[in-house]
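For ligands, and for the atoms within them, numbers begin at 1 and follow the listed sequence.
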Amino acid sequence: MSKYLSERLQAIVPYTPGEQPKIDGLTKLNTNESPFPPSPAVIRALNSDEVGRLNLYSDPTSSALVDAIANRLGVSETNILPGNGSDEILAFCFQAFCDEAHQPAFADITYGFYPVFCELFGLTPQIVPLRDDLTIEPADYTAHAGPIFIANPNAPTGIALELPQIEALLQLDRIVVVDEAYVDFGAATAVTLLPKYDNLIVVRTFSKSRNLAGARLGFAVANESLIEDLNRIKYSFNPYNVNRLSMIAGVKAMEDDAYFHACIGKIIETREKTVSELKRRGFEIPPSKANFIFPKHPKLDAKQFFDALRARKILVRYFSSPRICDRVRVTIGSEEQMRLFIKATDEILEESRE
Ligand SMILES: *Cc1c(COP(=O)(O)O)cnc(C)c1O
């Protein structure tokens, strides 16, 4: 830290992304990426002469991408705002709708970036603890006046709310941001509620279910005036927020519905198989509607489990915070990756018995 850094920023604890180590033969199950490559249509399109146009700025309105998303979701173009990852869209939401009198509310156990945005933007979040079974109870939010941020399915639990529960939040008549990073793996989307609620913002990403984490693409779905509000931030910060190559990748990925469904179908199938394998070995796992699971074992210390997996070149995620330090978060990878994970788990369980 230099002596020139603003005093306010000196206190910030930045977000810690999952490790991206360069280890040969690593089984990487720590950042909820897809184990599958992007759609073949994406790969073909990026070999095109778009690279030769990188001397020119990208389309600030992202109109080709907006059209592709709107078509796929069955909403109007005026309901969509693409961003540089959904993290950027979430940042816009905190900036646009939160202030001293409208402090954001979110769960104690949820996406770790929400509290970081609060620090960065000088907000004081109102933390609403999950119930003992790690579920979100909408009624717990009635006491708070500000915008509500819900990850659905939640991370790192994988547990999803049903739409009537989302509606209960929307009926509180404040901005409700539903972060649907993992919705394609089996939860119900709140996009269908859009015609009914002018306080709903759905945030989606291409990083998890569309195999494009490295492209940095996300988007907001909301009514036209909320999209206008978010555009005020975007055009005050980074008008060309989606680059040319990612724009093309996003359009092609949105259009290739068959590949998308094949990939998420495979992940869901592998998740269910992994869950039943782990349960047979005594693990407890909350019902996951995401591309990760959050197991704990009565006889395994989670940090030791994490370390023992890492020693076997299998990387999962461990969180040291009090209510969840007895679990690890495991991304659902390919069938082969999960076979390696189960095999290593068996060895570690065996050792712990000795
Ligand atoms: C991964 C993730 C995001 C961020 O996605 P990007 O589009 O890659 O920025 C947002 N919210 C949740 C809950 C996530 O897990």
Within less than 4.0 angstrom of ligand 1, does [X] place any heavy atom?
| X | value |
| --- | --- |
| Tyr182 | yes |
| Ser86 | yes |
| Lys208 | yes |

State which residues pass side chain to side chain donor-acceptor pair (under 3.5 Å) with Glu7; sequence neighbours excluded, sorted by chain then number. none
Please list, chain by chain and in numerical order, all residues satisfying side chain to side chain donor-acceptor pair (under 3.5 Å) with Asp307, sequence neighbours excluded. Lys303
Using a 4.0 Å heavy-atom cut-off, say whether Asp87 meets ligand 1 through its side chain, its backbone, both or neither.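 Both backbone and side chain.
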Give me the residue, atom name and distance of the protein heavy atom closest to atom 13 (C) of ligand 1.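 Minimum-distance protein heavy atom for atom 13 (C) of ligand 1 reads Asp179 OD2, 3.4 Å.
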Closest non-hydrogen protein atom to atom 9 (O) of ligand 1, residue and atom name please, with distance? Arg216 NH2, 2.7 Å
If the cut-off is 4.0 Å to any non-hydrogen atom of Ser207, which atoms of ligand 1 fall inside it? 6 (P), 7 (O), 8 (O)
Against heavy atoms of Gly85, which atoms of ligand 1 measure under 4.0 Å?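 Going through ligand 1 atom by atom, the ones under 4.0 Å from Gly85 are 7 (O), 9 (O).
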Return yes or no for this condition: an N or O of Tyr114 is under 3.5 Å from an N or O of ligand 1.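 N/O-N/O distance under 3.5 Å: no.
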Are any of the N/O atoms on Tyr111, whether in the backbone or the side chain, positioned under 3.5 angstrom from an N/O atom of ligand 1?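 Looking only at distances, the answer is no, because the N/O contact criterion of under 3.5 Å is not met.
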Please check if the distance between the ring centroids of Tyr114 and Tyr111 is under 6.0 Å.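 Close enough - the centres of the two rings lie under 6.0 Å apart.
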Quick one: are the ring centres of Tyr259 and Phe36 less than 6.0 Å apart?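 That pair fails the under 6.0 Å test.
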With ring-ring contact (aromatic ring centres under 6.0 Å, His included) as the test, pick out the partner of Phe94 among Phe113, Phe149, Phe121.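 Among Phe113, Phe149, Phe121, the one meeting ring-ring contact (aromatic ring centres under 6.0 Å, His included) with Phe94 is Phe149.
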Side-chain (Asn199) to main-chain (Leu170) donor-acceptor, under 3.5 angstrom: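 Yes: the side chain of Asn199 pairs with the backbone of Leu170.
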Ignoring hydrogens and angles, state whether a donor on the side chain of Lys28 or Thr31 is under 3.5 Å from an acceptor on the partner side chain. yes
